[in-house]
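Structure first, commentary second.
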Amino acid sequence: MKRGQIKSARFCAVALLVLFSCEGKALADYVAGRHYFGRNDYIEYIAGNAPVILAVPHGGALTPAEIPNRTWGTLATDRNTDKLARAFVEAFHTATGRYPHVILCRLKRIKLDANRAIDEAAQGSAWAEQAWQEWHDFIDAAKDAAVKQAGSGLFIDLHGHAHANQRLELGYCISGSLLKLCDVEIANYKNRSSLRALTEITDTGFGELLRGPHSFGALMAARGFPCVPSPEYPDAGGQPYFSGGYNTRRHAGRADGAISGFQLECNFKGVRDTEENRARAAMALVESVTLYLAIHYSVEVDRLTEEVLTAAAAN
Ligand SMILES: [Zn+2]
């Protein structure tokens, strides 16, 4: 197929997804800035109108009796990541006039782990399984909207880590040991990365995308939030490091997908501990995300207009 045919085939596929996503709820039914909920408010979706999707799987606090406690796997909550995400929505809207898509799991992790395959995530509870499905349906709806609007999108799976080293960890589905490779060698692994789709639309090389001067790590570090990987810390230096989990693998970098992204693991102190620090971190994230989209996706978020949306739909 020629490029134009591929594009229109992709659009038809997207249009079908749009029609049937989320149990028949068409994308047009979601209004940007409004909050939508799954059964019993376990999953919350803040609909967006910019090609940015933020998922927050471990910030929930609900412990309904109808769902038994999980008995195996990781049970720790990522404290205040839900509050950081809500601060991000507010800062993004103030800065750009638009909304990112944000999906929050409001169940505590002991009830549902929204960053695992369903068996480990829900451990047999039908209500937890339903919430897990709604979680992914909302993310899929957000991704469909981003692709329809901009042809691609940035997915971020937001977490909090408890590692001693107080820095952000960006997981691109590239292990800590692979990060030690030079840029020429690491390029061989780009197709397994959550940035795979982005490598096809940007002129920036894969190693540069991970830790060059316009990498996400560089943009956040320039705003006072040290990151690995970044120009200063190109690899994890033998320290514990999260390279990206289930959501990042499932929702970014797929061979058949247009969405790229990463797992963002935040240290506690100075990032998510106080309201003031969360506001500061949220603003740095907004600046970094909008710059990243402009540099690598050729998307100017504050210039996205309804005409752009219409043009994409008519393409
Ligand atoms: Zn987590």
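Because the structure is a prediction, the values reported are computed rather than measured. Start at 1 and go down the list; that is how both ligands and their atoms are numbered. In this chain, numbering begins with 1 at the start of the sequence shown.
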- Message: Among residues at least two apart in sequence or on other chains, which ones pass ring-ring contact (aromatic ring centres under 6.0 Å, His included) with Y189?
- Response: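 Checked Y189 against ring-ring contact (aromatic ring centres under 6.0 Å, His included); zero matches.
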- Message: Going by the rule ring-ring contact (aromatic ring centres under 6.0 Å, His included), which residues pair with W132 if we only count those two or more places apart in sequence or in a different chain?
- Response: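 Residues passing ring-ring contact (aromatic ring centres under 6.0 Å, His included) with W132: H136.
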Side-chain donor/acceptor pairs under 3.5 Å, residues 234-243, sequence neighbours excluded:
from	atom 1	to	atom 2	distance (Å)
D235	OD1	G237	N	2.7
Y241	OH	L170	O	2.6

- Cationic N near anionic O, under 4.0 Å, E120 to R109: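 No salt bridge links E120 with R109.
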- Message: Less than 6.0 angstrom separating the ring centers of Y30 and Y45, yes or no?
- Response: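 Between Y45 and Y30, which both carry aromatic rings, the centre distance is below 6.0 Å.
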- Message: Side-chain heavy atoms nearer than 4.5 Å, only ILVMFWY residues, links allowed to pass through others: does that put L291 and L264 together?
- Response: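 Yes, L291 and L264 fall within the same hydrophobic cluster.
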- Message: Suppose the cut-off is 2.8 Å; which protein N/O/S atoms would you list for the Zn ion (ligand 1)?
- Response: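 Sorted hits: H58 ND1, D78 OD2, H159 ND1.
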